[in-house]
Every structure is written in structure tokens, then in C-alpha cells.
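Comments concern the structure below.
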Amino acid sequence: MTDISKTELRHLDATLLMVFLGIMRHGQATAVARDMGLTQPAVSHALKRLRALYDDPLFLRRAHGLEPTARARELEPNVQRILDLMSDTITDRTTFDPSETVAELKIGAFDFEVSTIIADLIITLRSGGSKTNIHAYPLANHEGLDALKSGQIDMAVGYFDFPPKTSTDFIAERLFTEHYVVAARTGHPLLRAEITASDYANAGHVLISPYGSKPTITDHALRRYRLQRNVVAAVPSLVAALAIVAASDLLVTLPSRAAERYVHHFDFAHRPLPIEVGNFDLHVVRHARDRKNSIHTWVLKRLRELVTK
């Protein structure tokens, strides 16, 4: 370790890291100050020190609050791991033993999350000897948050069209940033060359939706191109959609993580979307009353590890 790195490490403390994660989750310095019991000037000073330490603005001021930069998003999982390790050194490890404690965790999530990260979580817990049972419920967005608030579920995982992190009822943490791709059976004519926006819109589509054929973010993006997607079928299951696409000339638009997971299970290939749709964030949300629940904390740590592999 060089003298320079030692000097930098002396300027880095747990409070700075906690402020960093607090802003990542809340997006507002006032909320972080309230959550940590600090004054707003103290949070602002900590943010100033972080910016100097990492030589990056880290958070940009926007109308809705503070938006993390690419560097901040890159740092988040490592900062979380550091704090987890620090917490492990002072936590009473006898309070929760995953191999001995029988527990049940109810998670609200849409089909995409259940088919990917929740499936991976269940596999990881069982292979590791955990006695925590996972029950997934098909709840997304507002439904998931309502169920979380009423105590019907313990966590909600997915995309939320309003930021639950601004509510004092919830603790929200970004798991990862995702984007959409288009998939079609192997050998589909559209995959032989670069797909145009017009080709994409005019092809037949399978829509993955529990709500029927309702407009999605992709359809709204197509309108900017003055195009309309030709949706010929809507199914509530990602796996069902891939089974249909693999045996037909239909297309499906799905998150890239889902495409990568199932590309070897079904006969399909995927390509970038020919239109600009943008990325979206996946969050795990808990109720504030469960802030110190040891089982929730342990499962959340497993989720973080899974999405950063």
C-alpha cells in the first residue's frame, strides 16, 4: 500500500460511506440527515469530502433530488460490502444462524424478478443449507408497496414508477440497472441484419404482461418514431413468452438479464432494441419497521451478492 493510498484511507470513515449509501437510496440530503440523525450541513460536508476523495461529483442536482453519476453507481456495491463487513465485526452472530433458524420470507415481485433473481436466491439459499423459505407473490409496483405497508409481504423487488425511497414508510435500495432487448427464434429473418425501428414495430409481438395488452415504456418510445407495435398476444409469464417465441416468428421484448439467463434453455437469440428506450432501475424495498430484522438483513445481503456476480 502506498503512502498516498494510506492518506486517502485515513480520510474515509464509516459515516462518509453511510452518507453515500443514504443518498443513493433516498436521493435527498434532507432525508439522509433525518435517517442518520445528522444535520443537513453535516451531510453536505460529508458529500463534499466524498466528492474530493473520489474526484467525481457523485450526485447531480435534478428536479426530483440528487441523481447518482456513473461513478457513484459503480462504487455502490463495493461500499455496501465494506459496511457489511464492518457490521459483521460488531454484530452478535448468535442472533441469527441461517442454518438453524427456520424462517419464512414473503417477497412481492413481477414475473421477470421471480424468474431471475428470486429464482437464483432460492437456489442459493437451498444449496447453502439455509432454512429460510421464500414465498413469491405476483405483486408489482403499487400492489407490492401496498402489500408491504399492510404487512402481507416482507420485501418488494422490482421497478417502481415512483420513488418509494422518498417515503419514510419504506427503505429502498437499488439492486441494479437494467435495459431491454428484443428476442426471436434462432434463424429468424430479422436477426440476419440490423433491425430497423420499422421492422421491429411491424413484426408480430408477444407482450409479457399480467394486465393484458396495455401500452408499455416500449410503446411510448415507439410513438416518438411515429410507429405502433403489432402486439398479437399477451401472456403473464416470461417463460411462456419465450416458449412461444422459440417456436414461431413472433418477437418478445424483455430485460437483458432474463434473456441471458434463458437463452440456453430456449431456441432463441436476442439483439439490442432498434429504438431508444432507456435504462430502468430495479429496487428492493422493505418497510421501515423491519430496518433491524436480522433475517431480512441477511437475505438482502444474499441478493446484493447475486446481482453483482
Side-chain angles (χ1 to χ4, degrees), residues 8-9 11-84 86-87 113 141-142 144-145 148-149 155-180 217 220-221 255 276-292 296-297 300-301 303-304 307-308:
E8 290 172 337
L9 281 175
H11 288 91
L12 189 62
D13 58 44
T15 300
L16 285 184
L17 298 181
M18 291 171 70
V19 166
F20 172 84
L21 284 185
I23 297 177
M24 287 296 296
R25 294 172 187 171
H26 293 287
Q28 295 179 336
T30 52
V32 175
R34 181 178 62 248
D35 192 44
M36 294 183 61
L38 300 173
T39 63
Q40 190 165 345
V43 173
S44 297
H45 180 66
L47 182 53
K48 183 178 180 181
R49 289 173 59 194
L50 284 164
R51 284 168 167 162
L53 184 64
Y54 290 108
D55 191 26
D56 188 270
L58 296 179
F59 301 96
L60 305 176
R61 232 167 249 294
R62 297 288 186 258
H64 62 275
L66 296 172
E67 179 181 308
T69 64
R71 177 62 171 148
R73 293 186 183 279
E74 180 184 81
L75 288 169
E76 184 183 16
N78 289 331
V79 171
Q80 184 65 64
R81 276 195 288 270
I82 291 169
L83 286 177
D84 285 343
M86 294 174 70
S87 177
E113 293 81 28
N141 214 310
H142 298 275
L145 295 179
L148 192 61
K149 197 168 185 177
M155 292 182 181
V157 178
Y159 168 77
F160 301 91
D161 60 12
F162 73 96
K165 57 189 175 182
T166 62
S167 169
T168 57
D169 290 330
F170 303 115
I171 304 168
E173 177 178 334
R174 187 184 67 84
L175 284 176
F176 58 92
T177 299
E178 181 59 284
H179 65 278
Y180 286 109
I217 186 173
H220 295 310
E276 183 59 45
V277 173
N279 299 332
F280 58 97
D281 290 335
L282 274 293
H283 286 81
V284 56
V285 187
R286 296 177 292 152
H287 199 277
R289 62 175 171 262
D290 293 320
R291 181 185 302 274
K292 296 186 178 181
H296 295 188
T297 300
L300 182 57
K301 186 176 180 181
L303 276 172
R304 292 192 201 107
V307 301
T308 54

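Numbering starts at 1 and runs along the sequence shown.
With contacts defined as side-chain heavy-atom distances shorter than 4.5 Å, the pair Arg174/Leu282 does not qualify. At least one side-chain heavy atom of Met36 sits under 4.5 Å from a side-chain heavy atom of Thr15. Contact check for Gln28 versus Leu66: no side-chain heavy atoms found under the 4.5 Å cut-off. When side chains are defined from C-beta on, Leu17 counts as touching Ile82, because their heavy atoms get closer than 4.5 Å. Side-chain contact between Pro77 and Phe176 is absent, with no heavy-atom pair separated by less than 4.5 Å. Considering only heavy atoms from C-beta on, Gln80 stays 4.5 Å or farther from Asn78 through its side chain.
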Q: Apply salt bridge (charged side-chain N to carboxylate O under 4.0 Å, His left out) to the pair Glu76 and Arg73, showing each step before the final yes or no.
A: CA-CA 5 Å; Glu76 184 183 16; Arg73 293 186 183 279; 5.7 Å; no

Q: Under the side-chain contact (heavy atoms from CB on, under 4.5 Å) rule, what do Leu60 and Arg62 come out as? Steps first, then yes or no, please.
A: CA-CA 6 Å; Leu60 305 176; Arg62 297 288 186 258; 3.5 Å; yes

(Q) Run the side-chain contact (heavy atoms from CB on, under 4.5 Å) test on Val285 and Phe160 for me, step by step, so that the C-alpha distance in whole Å, both residues' side-chain angles and the decisive distance to 0.1 Å come before the verdict. (A) CA-CA 10 Å; Val285 187; Phe160 301 91; 3.5 Å; yes

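Summarising the geometry of Ala221 relative to Val277, their closest heavy-atom pair is CB-CG2, 4.0 Å, with the distance given to 0.1 Å. In terms of heavy atoms, Ala72 sits closest to Leu58 at CB-O, 3.3 Å. In terms of heavy atoms, Pro255 sits closest to Tyr180 at N-CD2, 3.7 Å. Of all non-hydrogen atoms in Leu21 and Leu83, the two that sit nearest each other are CD1-CD1, 3.4 Å.
Under the salt bridge (Lys or Arg N to Asp or Glu O under 4.0 Å) criterion, Asp56 pairs with no residue at all, not counting sequence neighbours. Considering only residues two or more places apart in sequence or on other chains, Phe59 meets the ring-ring contact (aromatic ring centres under 6.0 Å, His included) condition with Phe20.
When only modelled atom types and interatomic distance are considered, Asn279 and Thr177 share no side-chain donor-acceptor pair under 3.5 Å.
Rounding to the nearest 0.5 Å places CD1 of Ile171 at 10.5 Å from CZ of Arg289.
Applying side-chain contact (heavy atoms from CB on, under 4.5 Å) to Glu113 and the options Val284, Val157, Leu175 leaves one that passes, Val157. With Glu173 as the partner, the side-chain hydrogen bond (donor to acceptor under 3.5 Å, both in side chains) test is satisfied by one option alone out of Arg304, His283, Arg286: Arg304.
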